[in-house]
Number of protein chains: 2
Amino acid sequence: MNEMRSIRPDIIRKIAPELCPVRTVIAHIGDKWSTLILSQLMKQPHRFGELRRAVPDISQRMLTQTLRDLQRDGYVEREVFATKPPSVEYRLTELGRSLVGSLQHLVDFAFTNHDRVLQARARFDAENG
Amino acid sequence: MNEMRSIRPDIIRKIAPELCPVRTVIAHIGDKWSTLILSQLMKQPHRFGELRRAVPDISQRMLTQTLRDLQRDGYVEREVFATKPPSVEYRLTELGRSLVGSLQHLVDFAFTNHDRVLQARARFDAENG
DNA sequence: CTGTATCCACAGCGATACTG
DNA sequence: CAGTATCGCTGTGGATACAG
């Protein structure tokens with residue numbers, strides 16, 4: 001009657017992790033730089049160098065790579081201006097702004113509860129080793 | 001006039017990453033198993049073995065470790081019953097339920113926009129190499 | 001200015017075996 | 001049943017040098 005019954009989520013995850021929507025999206029939140037880049041681009045479009053200065057502790061390599069991944073998934077648009085020397089501008093797409101909007105709830109939670117987490121952590125470490 | 005001006009976020013992140021609330025919280029969302037465990041515990045409290053069966057593709061090592069981290073930060077409570085053999089029950093704390101609530105917006109986004117992301121990805125890969 | 005290429009270190013995670 | 005201990009692989013990210 002229900003043939004889907006036998007397709008267990010864990011098997012799907014094992015065979016094709018890219019089919020899990022949550023994983024696909026969270027990939028850009030779990031990595032080290034995406035959220036910082038996104039929140040920076042939320043303010044306004046940035047050129048490559050502007051982003052470097054806005055997030056100074058990122059390496060050039062990781063900035064390039066993170067922007068590329070965000071562009072690939074449709075969160076960021078890249079526009080090249082044929083100036084001399086060339087300049088490139090990055091901005092959020094509608095999808096990107098939507099992602100940041102959904103992410104905002106988590107950010108709010110983080111700021112609201114950061115103290116609670118640190119206290120829980122201290123207590124745990126005191127009770128255990 | 002404003003002495004905080006010189007304390008730049010990137011310096012803070014470099015010296016003491018644990019002081020960034022967003023990083024602290026997102027650590028449990030970026031890793032491989034936390035969200036799955038949390039959503040499972042959202043349904044109801046689980047014993048250790050129940051969780052293993054609910055998330056069968058997790059190793060025993062990672063289940064133990066993930067639960068420990070979640071407990072340490074105050075998202076999960078652990079209760080030991082002195083039965084024979086012993087049993088242990090894990091449940092969400094109020095803080096844990098709050099976290100899952102904030103996370104839900106992101107999950108909704110993921111399901112709503114998964115297709116869009118995959119399309120963007122396919123287009124990007126077609127245009128580039 | 002905006003990238004690419006290469007090399008390397010470390011942390012996350014899985015497999016397996018063992019324990020109270 | 002509910003863990004711990006050990007080992008090894010892999011992927012992420014940093015440093016550095018080079019290029020259009």
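In what follows, every chain begins at residue 1, and chains take the letters A, B, ... in the order their sequences are listed.
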Arg47(B) (side chain) donor-acceptor with Ser87(B) (main chain) under 3.5 angstrom = no

inquiry  = Over all strands shown, is Tyr90(B) touching base, sugar-phosphate only, or nothing at heavy-atom distances under 4.0 angstrom?
reply    = sugar-phosphate

inquiry  = Does dG14(C) have OP1 or OP2 under 4.0 Å away from a side-chain N or O of Lys32(B)?
reply    = yes

note = Between its two end axes (five pairs each) the helix from dC1(C)-dG20(D) to dG20(C)-dC1(D) turns, nearest 10 degrees, through 50°

message = Donor-acceptor pair, distance only, cut-off 3.5 Å: does the side chain of His46(A) make one with the backbone of Gln44(A)?
response = yes

key: Closest heavy-atom pair and its distance - Leu92(A), Met42(A)   = CD1-SD, 3.5 Å

query = dG12(C) C1' sits how many Å from Arg23(A) CZ, rounded?
reply = 13 Å

Positions of residues 65-76 of chain B (non-hydrogen atom under 4.0 Å from DNA chain D), listed by number = none

Kindly list each side-chain donor-acceptor pair under 3.5 angstrom involving residues 98-106 of chain A, sequence neighbours excluded, with atom names and distances?
residue	atom	partner	partner atom	Å
Ser102(A)	OG	Ser98(A)	O	3.3
Gln104(A)	NE2	Asp108(A)	OD1	2.9

ask   = Hey, where on DNA chain D does chain B first and last touch, going 5' to 3'? Cut-off is any atom under 4.0 Å from a heavy atom.
value = dC1(D) to dT6(D)

query = Is there a path from Val107(A) to Tyr75(B) through hydrophobic residues (I, L, V, M, F, W, Y) whose side chains come within less than 4.5 Å of each other?
reply = yes

Which donor-acceptor pairs under 3.5 Å do side chains of residues 122-129 of chain A form with protein atoms, sequence neighbours excluded?
residue	atom	partner	partner atom	Å
Asp125(A)	OD1	Arg72(B)	NH1	2.8
Asp125(A)	OD2	Arg72(B)	NH1	2.4
Asn128(A)	ND2	Phe124(A)	O	2.7

note = Residues Gln40(B) and Leu51(B): closest non-hydrogen pair is CG-CD2, 3.8 Å

query = Whole-Å distance between dG3(C) P and Phe81(A) CZ?
reply = 12 Å

key: Rounded interatomic separation in angstrom, taking CD1 from Ile58(A) and P from dT2(C)   = 14 Å

query = Within the structure shown, what part of the strands sits under 4.0 Å from Arg52(A) by heavy-atom distance: base, sugar-phosphate, or nothing?
reply = nothing

ask   = Is a side-chain N or O of Ser39(B) found less than 3.5 angstrom from the main chain of Leu36(B), in a donor-acceptor match?
value = yes

query = Given the rule that I, L, V, M, F, W and Y join up when any side-chain heavy atoms are under 4.5 Å apart, are Val80(A) and Tyr90(A) in one cluster?
reply = yes

request  = Using salt bridge (Lys or Arg N to Asp or Glu O under 4.0 Å) as the criterion, list what pairs up with Glu50(A), not counting sequence neighbours.
outcome  = none

Trp33(B) side-chain proximity, nearest of dT2(C), dG14(C), dC1(C) = dG14(C)

query = Where the side chain of Pro86(A) is concerned, which of dG3(C), dC1(C), dG14(C) is the nearest nucleotide?
reply = dC1(C)

query = In whole Å, what is the span from the CG atom of Leu63(B) to the P atom of dA15(C)?
reply = 14 Å

request  = Provide, to the nearest angstrom, the distance between the CG atom belonging to Asp57(B) and the P atom belonging to dC13(C).
outcome  = 13 Å

inquiry  = I need the NZ-C1' distance between Lys84(A) and dG3(C), as an integer number of Å.
reply    = 19 Å

message = Measure CD/Glu79(A) against C1'/dG3(C) and give the value in whole Å, please.
response = 18 Å

inquiry  = Are Leu118(A) and Leu70(B) linked, directly or through intermediate hydrophobic residues, by side-chain heavy-atom contacts shorter than 4.5 Å (ILVMFWY only)?
reply    = no

key: Atom-to-atom span, CG of Asp31(B) to C1' of dG14(C) - whole angstrom   = 15 Å

query = Nearest heavy-atom pair of Gly74(B) and Thr93(B): which atoms, and what distance?
reply = O-OG1, 2.6 Å

ask   = If each of Arg61(A) and Arg47(B) is mapped to the nucleotide of DNA chain D with the nearest heavy atom, which maps nearer the 5' terminus, i.e. the 5' end?
value = Arg47(B)

message = Using a heavy-atom cut-off of 4.0 Å across all strands, would you classify Thr64(A) as base, sugar-phosphate, or nothing?
response = base

